[in-house]
Amino acid sequence: MTEAELLARHRAVLPDWLALYYDEPIEIVRAGGRHVTDASGRTYLDFFAGILTNAIGYGVAEISDAVRAQVDTGVLHTSTLYLIRGQVELAERIAELSGIPDAKVFFTNSGTEANETALMLATQYRRSNQVLALRNSYHGRAFGTVAITGNRGWAASSLSPVRVSHVHGGYRYRSPFRHLSDADYVAACVADLRDVLATTTAGDVAAMIVEPIQGVGGFAMPPDGLFGAFEEVLDEHGILLISDEVQTGWGRTGEHFWGISAHGVVPDVMTFAKGLGNGMAIGGVVARSEVMDCLTANSISTFGGNPVATAAARATLDYLLEHDLQGNAAKLGDRLVGGLRDIAADHDVVGDVRGKGLMIGVELVRPGTREPGPGEPSPAAAGVVLEETKARGLLVGKGGLHGNVIRLAPPMTLTAEEADEALDVLAAAVGAAQEEVAPA
């Protein structure tokens with residue numbers, strides 16, 4: 001069966017709103033290292049890692065062996081109604097790594113579930129359904145997480161179980177405060193937060209949820225220290241701070257193990273998922289025990305933290321810590337950002353290059369509009385780059401509020417040679433986009 005035939009079957013039985021990349025979508029059938037192979041036999045260097053989920057890459061023996069050993073016991077599932085040794089051991093490690101005092105951990109199957117749980121805990125703990133979130137944010141596809149998402153392209157419903165107010169800060173490139181220095185930008189966003197609290201809430205807000213780097217929003221990020229400044233305001237009102245680390249956790253940003261640490265603050269709650277299982281479905285919440293234990297009804301997680309997923313997660317965590325993949329992310333992230341900024345200097349279709357570690361966004365604009373900035377968004381240019389990189393053997397992501405940002409997030413085991421190979425492909429793809437979308 002060809003990929004075209006599989007696509008026709010896909011469209012017949014799966015939802016129209018289920019996004020697919022490329023004019024001719026591909027089926028990935030084999031993988032190893034940082035490379036994947038499609039059903040036609042073509043191999044690609046993977047720079048999106050299953051949306052940051054295959055954090056260590058493919059075919060990692062230590063992880064495969066851990067999964068295989070658990071499968072060989074015959075116990076793939078028991079549910080949280082029974083003790084799960086691997087779940088307890090993983091929770092102990094995450095609680096310690098979180099830096100949250102007296103932390104407890106609850107496991108889920110995804111980032112969406114983790115953020116839904118965090119919202120439930122915060123609103124119950126504070127006895128309030130009011131939530132603060134950032135403009136251009138994305139927190140998942142369930143009822144509560146869609147409600148707090150600040151990106152219309154991913155907000156499927158206006159109905160909401162919570163009352164949400166959105167504040168400035170996460171997406172600096174198109175912010176009305178973009179021209180300000182770091183310190184003045186932070187001050188302006190803090191003033192906006194105070195104004196929102198005074199004008200659009202009843203005062204007793206449950207929590208603020210933030211992505212240290214906005215993932216679906218195009219790897220947008222504020223100056224370091226913004227969320228620390230926000231927390232000072234939140235503390236005045238007793239408002240909890242939730243850090244959505246689904247994409248920024250586990251050292252991917254290079255400089256810190258958790259993205260929120262760049263802001264000099266330890267949140268009350270953190271959510272995680274994606275890279276922890278290196279492809280296995282696992283997510284969770286780590287929070288202060290008084291917040292985690294605030295529920296007064298029974299609950300379970302049927303599949304969350306199951307024996308196979310926690311075996312994979314423990315092996316993944318061991319691998320990334322023992323091989324200093326955080327350090328590798330920092331080093332190769334700098335190499336990629338430097339190379340991309342060189343490309344941007346020669347192509348004004350690139351409006352912005354931003355990111356930390358192996359989490360990099362390239363925002364594309366209509367040529368001739370970059371100065372004085374921020375430039376007219378060009379989803380067409382991003383579409384060209386997406387197709388051109390694929391044609392040259394490189395898989396990248398796409399996102400942003402306007403669908404005009406190329407997202408680069410390769411496995412954290414990336415090599416310098418692979419980084420340079422990707423830069424060569426990206427230079428050619430950006431050049432093609434410059435020509436194709438330039439005014440006649």
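Predicted model, so just to flag it, every value in this text is computed and none were measured.
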Task: E27 atom CD: more than 12 heavy-atom contacts under 6.0 Å - done: yes

Task: Polar side-chain atom of S301 near backbone of T108 as donor-acceptor pair, under 3.5 Å - done: no

- [ ] Could you give me the CA-CA distance, side-chain angles and deciding distance for F227 and S243, then say whether side-chain contact (heavy atoms from CB on, under 4.5 Å) is met?
- [x] CA-CA 10 Å; F227 299 132; S243 184; over 6 Å; no

Open item on the list: Checking Q326 against L320 for the side-chain contact (heavy atoms from CB on, under 4.5 Å) test, could you report, in this order, the C-alpha distance in whole Å, the side-chain angles of both residues, the deciding distance, and whether it holds?
Closed with: CA-CA 7 Å; Q326 179 179 325; L320 72 87; over 6 Å; no

Task: D182 with R172: basic N within carboxylate O range, under 4.0 Å - done: yes

- [ ] Evaluate the side-chain proximity of N109 to F303: yes if any heavy-atom separation is below 4.5 Å, no if none is.
- [x] yes

- [ ] Flag yes if more than 12 heavy atoms outside E96 fall under 6.0 Å of its CD atom; otherwise flag no.
- [x] no

TODO: Take L52 and M359 through the side-chain contact (heavy atoms from CB on, under 4.5 Å) test and state the conclusion after the steps.
DONE: CA-CA 9 Å; L52 295 82; M359 195 172 182; 4.2 Å; yes

Open item on the list: Measuring from atom CG of L234 to atom CG of L197, what distance do you get when rounded to the nearest 0.5 angstrom?
Closed with: 7.5 Å

Task: Distance-only polar pair, side chains of D244 and N115, donor-acceptor under 3.5 Å - done: yes

Task: CZ/R42: more than 12 non-hydrogen atoms of other groups inside 6.0 Å - done: yes

TODO: Please report the shortest heavy-atom distance between Y185 and G170, naming the atom on each side.
DONE: OH-N, 4.4 Å

Open item on the list: Could you check whether R407 makes a cation-pi contact with F48, meaning its NZ or CZ is under 6.0 Å from the centre of the six-membered ring and within 45° of the ring axis?
Closed with: no

Task: Main-chain N/O of L6 paired with H10 side-chain donor or acceptor, under 3.5 Å - done: no

Open item on the list: Whether the side chain of E211 engages the backbone of S137 through a donor-acceptor N/O pair (distance < 3.5 Å, no angle test) should be reported.
Closed with: no

Open item on the list: On a heavy-atom basis, which atom in T2 and which in E5 lie closest, and how many Å separate them?
Closed with: N-OE1, 2.8 Å

TODO: Ignoring hydrogens and angles, state whether a donor on the side chain of T43 or T37 is under 3.5 Å from an acceptor on the partner side chain.
DONE: yes

Task: Closest non-hydrogen atom pair between P222 and P212, with its separation - done: CD-O, 3.6 Å

Open item on the list: If you define the side chain from C-beta out and look only at heavy atoms, does anything of W250 sit under 4.5 Å from L276?
Closed with: yes

Open item on the list: Checking the side chain of E116 only, and the main-chain atoms of T145 only, is there a donor and an acceptor separated by less than 3.5 Å?
Closed with: yes

TODO: Could you check if a side-chain atom of H77 sits within less than 4.5 angstrom of a side-chain atom of T302, using non-hydrogen atoms only?
DONE: yes

Open item on the list: Check whether E255 reaches the backbone of G357 with its side chain - one donor and one acceptor, N or O, closer than 3.5 Å.
Closed with: no

TODO: Using the salt bridge (charged side-chain N to carboxylate O under 4.0 Å, His left out) rule, collect all pairs that involve residues 413-430, keeping only residues at least two apart or in two chains.
DONE: R34-E418, R335-D420

- [ ] Show your working on side-chain contact (heavy atoms from CB on, under 4.5 Å) between F143 and L159 and close with a plain yes or no.
- [x] CA-CA 8 Å; F143 195 37; L159 303 175; 3.8 Å; yes

Task: Worked verdict on K104 versus D293 for salt bridge (charged side-chain N to carboxylate O under 4.0 Å, His left out) - done: CA-CA 9 Å; K104 288 190 173 182; D293 290 337; 2.8 Å; yes

Task: Aromatic ring proximity, centroids under 6.0 angstrom, Y44 and H35 - done: no

- [ ] Please lay out, stage by stage, how R392 and E388 fare under the test salt bridge (charged side-chain N to carboxylate O under 4.0 Å, His left out).
- [x] CA-CA 6 Å; R392 291 170 169 82; E388 290 288 334; 2.3 Å; yes

Open item on the list: Test your reading of the model: is there a side-chain donor-acceptor pair from N54 to the backbone of G57, 3.5 Å cut-off?
Closed with: no

Open item on the list: Please report the interatomic distance CG(D268) to CD(E290), rounded to the nearest 0.5 Å.
Closed with: 8.5 Å

Open item on the list: Are the side chains of I360 and L340 in contact, using a 4.5 Å heavy-atom criterion?
Closed with: yes

Open item on the list: Pair D192, R135 - check salt bridge (charged side-chain N to carboxylate O under 4.0 Å, His left out), show working.
Closed with: CA-CA 12 Å; D192 174 65; R135 300 183 183 203; 5.3 Å; no

Open item on the list: Nearest 0.5 Å, please: how far is CG in D334 from NZ in K356?
Closed with: 11.5 Å

Open item on the list: If you define the side chain from C-beta out and look only at heavy atoms, does anything of T389 sit under 4.5 Å from L395?
Closed with: no

- [ ] Could you grab the distance from atom CG of N136 to atom OG1 of T149, nearest 0.5 Å is fine?
- [x] 10.5 Å

Task: Residue pair A381 / V349: nearest heavy atoms and the distance that separates them - done: CB-CG2, 3.7 Å

Task: Spacing of OG1 belonging to T123 relative to CZ belonging to R126, to within rounding of 0.5 Å - done: 11.5 Å

Task: For Y21 against V396, the heavy-atom pair lying closest together - done: CE1-O, 3.6 Å

Open item on the list: Show the nearest heavy-atom pair for residues T413 and N328, with the distance to one decimal.
Closed with: C-ND2, 3.9 Å

TODO: Count the heavy atoms of every other residue, nucleotide or ligand shown that sit under 6.0 Å from CD1 of I51, and state whether that count exceeds 12.
DONE: no

Open item on the list: Quick check against the 3.5 Å criterion: does R354 have a side-chain atom that pairs as donor or acceptor with the backbone of G218?
Closed with: yes

- [ ] Please tell me if the side chains of V362 and L364 come closer than 4.5 Å, counting only heavy atoms from C-beta onward.
- [x] yes

Task: Non-hydrogen side-chain atoms of I213 and Q247 separated by less than 4.5 Å - done: no

Open item on the list: Under a 3.5 Å distance rule, please check whether T271 uses its side chain to pair with a backbone N or O of V285 as donor and acceptor.
Closed with: no

- [ ] Anything under 30° is parallel, anything over 60° is perpendicular, the rest tilted; go ahead and classify Y171 against Y173.
- [x] tilted

Open item on the list: Does L14 have more than 12 heavy atoms from other residues, nucleotides or ligands lying within 6.0 Å of its CG?
Closed with: yes

TODO: Check whether any side-chain N or O of T310 sits under 3.5 Å from a backbone N or O of N306 as a donor-acceptor pair, and report yes or no.
DONE: yes

Task: Residue pair D38 / S40, side-chain donor-acceptor N/O under 3.5 Å - done: yes

Open item on the list: Is it the case that the side chain of N278 and the backbone of A55 share a donor-acceptor pair, with hydrogens and angles ignored and the cut-off at 3.5 Å?
Closed with: yes

Open item on the list: For W258 and F272, I'd like to know if the aromatic rings sit close, meaning centre-to-centre distance below 6.0 Å.
Closed with: no

Task: Side-chain heavy atoms of V205 within contact of R163, under 4.5 Å - done: no

Open item on the list: What's the separation between atom CG in L358 and atom OG1 in T253, rounded to the nearest 0.5 Å?
Closed with: 10.0 Å

